Chemist: 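I'd like to ask you about the structure that follows.
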There are 2 protein chains.
Amino acid sequence: MTASQVSLALIQQHTLFQDVPIEALRQILENGQVIRLSEGDTVFRQGDTASRFYVLLQGNLKIAQTTPSGEQVTVRHVNPGEIFGIARAMQRTTFPATSIVMRESLILSWPNNYWDTLLKLNPRFAQSTFETVGQRLQDAHSRIRELSTDEVEQRVAKALLRMVKDSGVNTTDGIEIGYPVTRQDIAELTGTTLHTVSRLLSNWKTKGLVISGRRRITITSIDGLQALINDPDQPNT
Amino acid sequence: MTASQVSLALIQQHTLFQDVPIEALRQILENGQVIRLSEGDTVFRQGDTASRFYVLLQGNLKIAQTTPSGEQVTVRHVNPGEIFGIARAMQRTTFPATSIVMRESLILSWPNNYWDTLLKLNPRFAQSTFETVGQRLQDAHSRIRELSTDEVEQRVAKALLRMVKDSGVNTTDGIEIGYPVTRQDIAELTGTTLHTVSRLLSNWKTKGLVISGRRRITITSIDGLQALINDPDQPNT
DNA sequence: CGTCCCGTTGATCCCTATCAAATGTAGTGG
DNA sequence: CCACTACATTTGATAGGGATCAACGGGACG
């Protein structure tokens, strides 16, 4: 099986490319480029000239911004089937953030000038992309609201719930986040420090809500975490 | 001059409708509806069924989300010429936020089913809207970064600078924000409390950076505020 | 088996929310 | 025109959530 054939099987699974005739799909793939990247690699960096646009076929990425002082903030996660790095379609010449591979990923990309052709071959693409960006805008607004009004404990709980929702895998103990996560990662995602995240996880472990080891987190009680969000000042058992 | 003629003059000024033939513009206006709203009015409320989409012709709005506990968070401001309330174009059935009039405003709107017609009459509309949403997404990401890493003082300074940039009017003292702003408004915009904002403004007043009265803020030293952002731990003079 | 990460936990400090109360300002109706 | 009222602002006092500083423990990998 060639790389192209593997990609064909993968791309068909994603709603973004459903209803596209197999011949058009083949053509779309031939004009694109598939790369496999490992954990820690970057697809593009903040400030790079935006010459291509991307779809994540498999794996997980995070999109992060680096502040002038060097701190990193995770702006969002990218899940399989999602389009990303579409700066050019928004008339930007450079990428506003860096995309970092969280676990081995398969990435499909095209040069910017293929955008119009792609729209013709896949008419749903335009509307779908628009909806995706709209959805992201709403997610971003939700996070602004959370950062403005929630306490750290609730923000971290919400972040964990989102991660298991997007990429959870069932285990005998509960649902495990499907990629490596450090305390630092969660801190960058929730606007806090790795120390505070560590304390929270320790606390939750004693309450039986999570099991966590080095770069691994398993939620044993979704409801327990949910309760922390609903009743912020629950008495500590 | 009829309401329609007033609107025609206004709509032509905005880049969103430039290059649209006058006849098409007339037709677009006839199918739309113009309303004038006063300070404190709402155009639509969070949770309302999204049956129309809007363009702000004149005035200023804020888009706010109410948290389950009743606090309000300002998600963004809307300036003249901007499209807003396009939930339906993103396949949402309800509005995710409330739009509140900050000063008397003129608002143009169409029923959702006019969207496709509008696209035909104004081909640039689709791309323009896409870019607008993309820009907003980036603005939202910037705010996430700020809320995650900046101290309150820097966030408030940035908020003031944005407001004067968007809607500043020159006065003999400096640049005044062109609509009424309370300490509470700024607090909702920056994720802090009105007390902290009041203390900051008092402090800045003694430093000669701002002049502020009841619901009025004038920046006397843009550079001074900018310095607070660049050098977070400037010695207090 | 040593080294590099990652995680844990204690101690301390400080920014900012919260609580509280007084003062100031625009608008309104008699 | 003034008193009344509603709302905005200011400022003090206090408390507390988390950041910061510091040190140690532990598992993975070369």
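No experiment lies behind these values; they were computed from the predicted model shown. Here is the naming used below: chain letters follow the sequence lines, and residue numbers restart at 1 for every chain.
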Chemist: Rounded to the Å, how far apart are A/K205 NZ and C/dT9 P?
Modeler: 8 Å
Chemist: Could you tell me which residues satisfy side chain to side chain donor-acceptor pair (under 3.5 Å) with A/D41, sequence neighbours excluded, listed by chain and number?
Modeler: none
Chemist: Treating primed atoms plus P, OP1 and OP2 as sugar-phosphate and everything else as base, which nucleotides of nucleotides 11-20 of chain C get B, S or - for protein heavy atoms under 4.0 Å?
Modeler: B---SSSBBB
Chemist: Looking at C/dT8, I'd like to know if its phosphate oxygens (OP1 or OP2) sit under 4.0 Å from a side-chain N or O belonging to A/R183.
Modeler: yes
Chemist: Can you measure A/L201 atom CG to D/dG18 atom P for me and round it to whole angstrom units?
Modeler: 15 Å
Chemist: Would you please name every residue forming a salt bridge (charged side-chain N to carboxylate O under 4.0 Å, His left out) with A/R45, sequence neighbours left out?
Modeler: none
Chemist: Keeping to residues at least two apart or across chains, list the salt bridge (charged side-chain N to carboxylate O under 4.0 Å, His left out) pairs with something in residues 52-68 of chain B.
Modeler: B/K62-B/D185, B/K62-B/E188
Chemist: Decide yes or no on side chain to side chain contact (heavy atoms under 4.5 Å, CB included) for A/N79 and A/S167, but give the supporting numbers first.
Modeler: CA-CA 8 Å; A/N79 295 307; A/S167 315; 3.5 Å; yes
Chemist: Can you tell me the distance, in whole Å, between the CG atom of A/N203 and the C1' atom of D/dG17?
Modeler: 14 Å
Chemist: Which residues pass the salt bridge (charged side-chain N to carboxylate O under 4.0 Å, His left out) test with B/R214, not counting sequence neighbours?
Modeler: none
Chemist: Could you name each residue pair satisfying side-chain hydrogen bond (donor to acceptor under 3.5 Å, both in side chains) that touches residues 99-108 of chain A, not counting sequence neighbours?
Modeler: A/N60-A/R103
Chemist: Can you give one letter per nucleotide of nucleotides 25-30 of chain D, 5' to 3': B if a protein heavy atom sits under 4.0 Å from the base, S if only from the sugar-phosphate, - if neither?
Modeler: -BB---
Chemist: Using a heavy-atom cut-off of 4.0 Å across all strands, would you classify B/T182 as base, sugar-phosphate, or nothing?
Modeler: sugar-phosphate
Chemist: Which residue pairs pass the ring pair (Phe, Tyr, Trp, His ring centres under 6.0 Å) test when at least one of the two sits in residues 148-195 of chain B, sequence neighbours left out?
Modeler: B/H77-B/Y179
Chemist: For B/D48, give me all partners under salt bridge (charged side-chain N to carboxylate O under 4.0 Å, His left out), at least two apart in sequence or on another chain.
Modeler: none
Chemist: Taking CH2 from A/W204 and P from C/dT9, how many angstroms apart are they, rounded to a whole number?
Modeler: 15 Å
Chemist: For the residue pair A/F95 and A/F44, categorise the inter-ring angle as parallel (less than 30°), tilted (30 to 60°) or perpendicular (more than 60°).
Modeler: parallel
Chemist: At what angle, to 10 degrees, do the two end axes of the helix from C/dC1-D/dG30 to C/dG30-D/dC1 meet, given five pairs define each axis?
Modeler: 40°
Chemist: Is the distance from OP1 or OP2 of D/dT11 to the nearest side-chain N or O of B/S202 less than 4.0 Å?
Modeler: yes
Chemist: Report the residues that fulfil side chain to side chain donor-acceptor pair (under 3.5 Å) with A/D173, sequence neighbours left out, ordered by chain and then residue number.
Modeler: none
Chemist: What is the distance, rounded to the nearest whole Å, between atom CG of A/D185 and atom P of C/dG7?
Modeler: 8 Å
Chemist: With sequence neighbours left out, write down each residue that passes side-chain contact (heavy atoms from CB on, under 4.5 Å) with A/T67, or none if nothing qualifies.
Modeler: A/S69, A/E71, A/V73, B/R145, B/T149
